[in-house]
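One structure is given here, and the rest of the page talks about it.
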Number of protein chains: 2
Amino acid sequence: MVQIPNTPTSADVARLAGVSRATVSYVLNNTSAVRISEPTRRRVHEAARELGYVPHAAARSLRAGHSRMVLMPAPAIPVGPLYSGFLNELQWALGRLDYTVVQYGTVGLLGDEAARAWAELRPVAVLVPGAELGPQGVRVLKRSGARAVVTLGPERVDGAHALLMDHDTVGRCAAAHLYEGGRRRIGVVVPEESGLEAYSRPRLAGVRQALSGTDAAVTELPLAYTEESAARLAAGWRESGLDAVFAYNDEYAMLLMRALQDEGLRVPEDVALIGADDLMLGRLLRPRLSTVHIELPSGRDLAELVDRAVRDPGGEPEVHKVLGASVVRRESS
Amino acid sequence: MVQIPNTPTSADVARLAGVSRATVSYVLNNTSAVRISEPTRRRVHEAARELGYVPHAAARSLRAGHSRMVLMPAPAIPVGPLYSGFLNELQWALGRLDYTVVQYGTVGLLGDEAARAWAELRPVAVLVPGAELGPQGVRVLKRSGARAVVTLGPERVDGAHALLMDHDTVGRCAAAHLYEGGRRRIGVVVPEESGLEAYSRPRLAGVRQALSGTDAAVTELPLAYTEESAARLAAGWRESGLDAVFAYNDEYAMLLMRALQDEGLRVPEDVALIGADDLMLGRLLRPRLSTVHIELPSGRDLAELVDRAVRDPGGEPEVHKVLGASVVRRESS
DNA sequence: TTGAAAGCGGTACCAT
DNA sequence: ATGGTACCGCTTTCAA
């Protein structure tokens, strides 16, 4: 009968090696303030290996009074190659600085409840994309020991560092481009899928900003990510009189372009079309899809911001504008 | 001068409420084995609220000897809407069962090192997609208290439960479809991007299986996710004599279709083309892209498997084949 | 109904 | 060079 072995602790290692728990700790952590003889070190390592000892992170950080865990909420929506690459780079960079990145699978908790749940893990830093966190939440996190709270979103939150990802810029870029191309009746696709408002609203607002005071008119175009919805939108196109559209992103743009073409409308002659995110696939369309290329901050830079903030928790919150947007003109506009 | 307040502990709450720590614990956890008077309860809740008390998860689970944390490695590659939806459902379902899902940002650690890092967090269950975990890793995790280890991948791992996501099936499906359409010289795209081998290899193998013993020939087609690479592949197409291709997935298929068409080849007359994953965007191509629709297991089912395994850690590892694949014939094949 | 106290697994100070 | 021990925050038994 095979016993399910109990999880070995440092006391087990100590016993097996014939030393004290303190010595085990010294050896396994390479504590420099203390010299342990080579034979003893070997015995300890040997014992740890033999038992398959793995230290208990919770016990360690309980004693230490802090952890090296950087927490972020796990994204609830499918995330494109751009953001995914950013995340990877960030994790890699934080890993190099000896932080452990953990994405918390927030289910349905909203704002402050979520912050409480995160705070229970006592992360040393919290990174929050979007607008999921209010000043209240920041306070909860700081109160419970988070030395840095960084938001990545449209606007700054009191008490937190901010990487301002100003999606207005994306809309402004697109609008300016269309306007310069001589378009005056400009549609803006607003996805009906939920969870996208955080991006679609500022993008729309950016278009409005760029065009306010001009002779151009802006029309909001709700669109679900289905062929039917796109066909419906395209069917009413002629009477709408729109001569250009900023389609939220490349995927919605592709969907809409197809529907417009099926309706007999010519792109870009009848309708100029531009997306955003600069997906590979946009280049495959005919006409090739114009797009707003978006530049995210480098993961390394954010990692360094986090590290700086952790080392100096008293410092003034840093606020950086970090979203670069530039038009990639292809053939659809 | 504003003091940075120390994180309040249950002792602080007890002091403020004028009761013992034990009482605080009873009240805040609604311990049913013990009756606390209503006035006391109120005082405790009041004190906790006032201090902004948040319990310390590490201390709690250290004392309890176990946690409710389900750990999975964070995906290193951008993940499509299909898998992303699956993950969300899973997290939601596990949340309902009162588990906390955490994605560990594994940087570059390979197999067993990663397992060790995960084990430090003492998760009650570990879910590992792909083939990142060997039997050694499973042992480390179980040894350190994980009551369930579940792999989601091509093959089962000793000691762990397995959700067999048999991507061979995808290849078989595609191959059978192309063969039935009368095609005999069949190409299979193998992405050059790393991290995709776990899927591309079995998909290719599936094609080989389905076609072995027939008069069809299979050709492996390395392809990077760039227009240049696709153009190069298309340029050599005529002399290759291939009359069909399974393009790994819809994205590579879209890329390749464009390149083939630009080369003057007709789809499907000259080349039948099929992708996989059934992306929305494939329907927008002309001809519409045929694809292999993939059915992932339900997140709820996996959550229940996890829960079952946690409750009965001694049970035999369950092994389920969970990948449904079916051809969606459109116009490209 | 409430409190005192032990102990979970580590770390680090102070002795020896 | 090593060991004894207090303590991190919380839960839970046992006593009062």
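We find the NE2-CG distance between His45(B) and Leu28(B) to be 5.5 Å, quoted to the nearest 0.5 Å. Atom CE of Met165(A) and atom CG of Leu296(A) lie 5.0 Å apart (nearest 0.5 Å).
Salt bridge status for Arg49(A) with Glu46(A): present, with a side-chain N to carboxylate O gap under 4.0 Å. Contact check on Arg116(A) versus Asp112(A) returns no salt bridge, with no Lys/Arg side-chain nitrogen under 4.0 Å from an Asp/Glu carboxylate oxygen.
Taking only side-chain nitrogens and oxygens, Thr23(A) comes nearer than 4.0 Å to OP1 or OP2 of dG3(D). At dG10(C), one or more side-chain N or O atoms of Tyr53(A) fall inside 4.0 Å of OP1 or OP2 (strictly under the cut-off). For the pair Ser10(A) and dG10(C), the criterion of a side-chain N or O lying under 4.0 Å from OP1 or OP2 is met. A sub-4.0 Å separation between OP1 or OP2 of dG9(C) and a side-chain N or O of Thr9(A) is absent.
Heavy-atom nearest nucleotides on DNA chain C were determined for Arg63(B) and for Val19(B), and the one closer to the 5' end corresponds to Val19(B). Toward the 5′ end of DNA chain C lies the nearest nucleotide of Leu62(A), the other residue of the pair Leu62(A) and Ala22(A) mapping further downstream. Of the two residues contacting DNA chain D, namely His56(B) and Val34(B), the nearest-nucleotide position lying further toward the 5' end is that of His56(B).
Taking the screw axis at each terminus of the helix from dT1(C)-dA16(D) to dT16(C)-dA1(D) from five consecutive base pairs, the angle between the two is 40° to within rounding of 10 degrees.
Here Val54(A) lies in heavy-atom contact (under 4.0 Å) with sugar-phosphate atoms only. Residue Ala64(B) is classed as having no contact, given no heavy-atom separation below 4.0 Å to the nucleic acid.
Taken residue by residue, residues 37-51 of chain A places heavy atoms nearer than 4.0 Å to DNA chain D at Ser37(A), Thr40(A).
Distance CZ (Arg15(B)) to P (dA4(C)): 13 Å, rounded to an integer number of Å. For the pair Asn6(B) CG and dC8(D) P, the computed distance is 11 Å after rounding to whole Å.
Counting atom types as modelled, Arg60(A) pairs no side-chain N or O with a base atom of dG9(C) as donor and acceptor under 3.5 Å.
With a 6.0 Å radius and a threshold of 12 heavy atoms from other residues, nucleotides or ligands, Arg300(A) has its CZ atom at or below the threshold.
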